[in-house]
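Have a look at the structure below, then the notes.
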Amino acid sequence: MVRDLVQDLPEDVARVLDEFVAAARAAFGDDLVSILLYGSAAEGALRATSDVNVILVLSSFVPAKADRFRDPLRTAHAAVKLSAMFLLRDEVALAAQAFAQKFADVLRRRRVLYGEDPFSTLSIPREALIARLNQVLLNLTVRMRALYVERGLREEQLAGVIADMAGPIRASAASLLELEGGKPGSPKEALRRFTESLGEPGWGEILARVSQARETRVLPPGVAGETVLRLIELTQRLAERARRLS
């Protein structure tokens with residue numbers, strides 16, 4: 001049963017996932033290959049502000065079946081912020097190359113809730129992962145600069161920016177350490193290890209603020225702007241190391 005696979009998660013999340021899987025099986029029938037939970041929920045580190053991320057792998061996408069699944073998906077999203085990705089089985093390898101960093105994180109943090117595990121034999125080419133890591137880090141840097149300028153007068157908005165950027169930055173650190181031959185552990189741990197490798201004071205406080213923003217979307221007065229600027233610096237430092245891999 002699905003509940004046995006998610007019993008370490010909050011009761012409401014476990015219940016919604018159980019109902020979600022049952023609804024997916026009823027709607028898609030034999031076209032449903034697997035359902036995977038990934039991200040923080042899969043590693044048992046779900047927070048109140050976290051999304052619940054799932055991948056549905058299908059043998060074919062039949063609109064009439066998808067239409068039957070619309071209401072269960074909307075209900076799950078409203079209840080626990082569940083977000084679903086729909087992939088065809090023969091798209092898995094292509095998606096892993098196109099979105100190498102995201103799927104590297106799926107490989108590290110996933111649980112099979114139903115069916116087979118299409119990622120068990122998946123290998124993401126190193127070159128694709130390096131290229132995508134550099135793209136992601138540049139995109140994060142550019143986005144944070146724009147958001148700092150746009151929202152700099154509203155600290156509560158900047159705290160939201162920090163919360164939203166934390167996941168991709170942590171995942172980037174995990175990908176970097178893995179590409180360098182290390183064992184990154186969780187993305188949060190990977191980012192901590194990366195900042196420690198810089199040998200500079202002050203990063204521990206910045207990471208504590210990131211965790212606080214991620215969990216509450218609120219920071220003490222006067223620190224959100226500085227924290228965004230330090231995160232911009234951090235993505236640039238990650239990018240410097242990533243470029244050496246090439």
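Starting from 1, each residue takes its place in the sequence as its number. Atom set for the values below is all heavy atoms of this structure, side chains included, hydrogens, waters and symmetry mates excluded.
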Q. Is Val54 close to Leu17 at the side-chain level, that is, under 4.5 Å between some pair of heavy atoms?
A. yes
Q.
Do Trp203 and Leu177 land in one hydrophobic cluster if side-chain heavy atoms of ILVMFWY residues count as linked below 4.5 Å?
A. no
(Q) Counting neighbours of CZ on Phe99 that are heavy atoms of other residues, nucleotides or ligands and sit closer than 6.0 Å, is the number greater than 12? (A) no
Q | Backbone N/O of Gln101 and side chain of Asp105: donor-acceptor pair under 3.5 Å | A | no
Q: Check whether more than 12 heavy atoms from other residues, nucleotides or ligands sit under 6.0 Å from atom CG of Asp4, and answer yes or no.
A: yes
Q) Any Lys/Arg nitrogen of Arg111 or Asp8 sitting under 4.0 Å from an Asp/Glu carboxylate oxygen of the other? A) yes
Q. Where the side chain of Thr235 meets the backbone of Ile232, is there a donor-acceptor pair that is under 3.5 Å apart?
A. yes
Q. Would you say Lys188 and Ser211 make side-chain contact, with heavy atoms under 4.5 Å?
A. yes
**Q.** Shortest non-hydrogen separation from Val223 to Thr227 and the atoms involved
**A.** O-OG1, 2.7 Å
Q | Distance (rounded to the nearest 0.5 Å) between Leu207 CG and Thr195 OG1 | A | 4.5 Å
Q) Which is it for Ser197 and Arg241 under the side chain to side chain donor-acceptor pair (under 3.5 Å) test, yes or no, and what are the steps along the way? A) CA-CA 11 Å; Ser197 73; Arg241 284 259 289 267; 3.2 Å; yes
(Q) As a quick check of understanding, evaluate side-chain contact (heavy atoms from CB on, under 4.5 Å) for Val210 and Arg170, giving each step before the final call. (A) CA-CA 10 Å; Val210 170; Arg170 288 172 173 176; 4.2 Å; yes
Q: Verify the cluster assignment for Leu88 and Leu94: are they in a single hydrophobic cluster under the rule of side-chain heavy atoms below 4.5 Å apart?
A: no
Q) CG of Leu133 to CG of Leu138: how many Å apart, nearest 0.5 Å? A) 11.0 Å
(Q) Regarding Lys183 and Glu178, does a basic nitrogen lie under 4.0 Å from an acidic carboxylate oxygen? (A) no
Q) Which pair of non-hydrogen atoms, one from Ala159 and one from Ala224, has the smallest distance, and what is that distance? A) N-CB, 4.3 Å
Q: Could you tell me whether Asp18 and Arg15 make a salt bridge, using a distance below 4.0 angstrom between a side-chain N and a carboxylate O?
A: no
(Q) Do the side chains of Arg3 and Glu11 get close enough for a salt bridge, i.e. N-O under 4.0 angstrom? (A) yes
(Q) Measuring only between side-chain heavy atoms, which start at C-beta, is Leu5 closer than 4.5 Å to Tyr114? (A) no
Q: State, without any angle test, whether Asp31 and Ser60 hold a side-chain donor-acceptor pair at a distance under 3.5 Å.
A: yes
Q) Taking the side chain as C-beta and beyond, is there a heavy-atom pair between Ile35 and Val112 under 4.5 Å? A) no
Q.
Side chains of Arg109 and Ser186 only: does a donor on one sit below 3.5 Å from an acceptor on the other?
A. no
**Q.** From CD1 (Ile169) to CG (Leu191), nearest 0.5 Å
**A.** 7.5 Å
Q: Please confirm whether Tyr38 and Phe119 have ring centers closer than 6.0 angstrom.
A: no
Q: Answer with yes or no whether the hydrophobic clustering places Val92 together with Leu56; edges join I, L, V, M, F, W, Y residues whose side-chain heavy atoms lie under 4.5 Å apart.
A: no
Q | Contact summary for Leu87 and Ile55, nearest pair of heavy atoms | A | CD1-CG2, 4.3 Å
(Q) Could you check whether any side-chain heavy atom of Pro118 comes within less than 4.5 Å of a side-chain heavy atom of Leu36, counting everything from C-beta outward? (A) yes
Q | Shortest non-hydrogen contact from Gly225 toward Tyr148 | A | O-CE1, 3.7 Å
Q: Answer yes or no: is there a side-chain heavy-atom contact under 4.5 Å between Leu231 and Met144?
A: yes
(Q) Please determine whether side-chain contact (heavy atoms from CB on, under 4.5 Å) holds for the pair Thr141 and Gln236, giving the CA-CA distance in whole Å, both sets of side-chain angles, and the decisive distance to 0.1 Å. (A) CA-CA 7 Å; Thr141 301; Gln236 293 175 303; 4.1 Å; yes
Q.
Test your reading of the model: is there a side-chain donor-acceptor pair from Arg68 to the backbone of Ala27, 3.5 Å cut-off?
A. yes
Q | salt bridge (charged side-chain N to carboxylate O under 4.0 Å, His left out) between Arg237 and Glu200, worked out | A | CA-CA 12 Å; Arg237 303 290 286 275; Glu200 301 167 355; 2.6 Å; yes
Q) Is any side-chain heavy atom of Phe103 closer than 4.5 Å to a side-chain heavy atom of Arg108? A) no
Q) Rounded to the nearest 0.5 Å, how far apart are OG of Ser172 and CZ of Arg132? A) 9.5 Å
**Q.** Exercise: do Gln212 and Arg209 side chains pair donor with acceptor under 3.5 Å
**A.** no
Q: Enter the distance from Phe194:CZ to Leu176:CG here, rounded to the nearest 0.5 Å.
A: 6.0 Å
Q | Step-by-step side-chain contact (heavy atoms from CB on, under 4.5 Å) determination, Asp51 to Leu82 | A | CA-CA 6 Å; Asp51 291 340; Leu82 185 143; over 6 Å; no
Q) Could you give all pairs that pass the side-chain hydrogen bond (donor to acceptor under 3.5 Å, both in side chains) test and reach residues 116-129, with sequence neighbours left out? A) Arg110-Asp117
Q: Measure across Phe28 and Lys65 and return the closest heavy-atom pair with its distance rounded to 0.1 Å.
A: O-NZ, 3.4 Å
Q) Is it true that Asp164 and Arg217 make a salt bridge, defined as a side-chain N closer than 4.0 Å to a carboxylate O? A) yes
Q.
Minimum heavy-atom separation for Gln157 and Arg151, please, with both atom names.
A. OE1-CG, 3.3 Å
Q: Report whether Val2 and Val33 are members of the same hydrophobic cluster (ILVMFWY, side-chain heavy atoms less than 4.5 Å apart, transitive linking).
A: no
**Q.** Lys/Arg-Asp/Glu bridge criterion (N-O < 4.0 Å) met for Glu196, Arg193
**A.** no
Q | From CA spacing to verdict: side-chain contact (heavy atoms from CB on, under 4.5 Å), Leu140, Met165 | A | CA-CA 8 Å; Leu140 287 170; Met165 296 296 109; 3.7 Å; yes
(Q) Distance check, rounded to the nearest 0.5 Å: Leu158 atom CG versus Leu147 atom CG? (A) 8.5 Å
Q. Under a 4.5 Å side-chain heavy-atom rule over Ile, Leu, Val, Met, Phe, Trp and Tyr, are Val218 and Ile206 clustered together?
A. no
(Q) Quick check: do Leu179 and Ile130 have side-chain heavy atoms less than 4.5 Å from each other? (A) yes
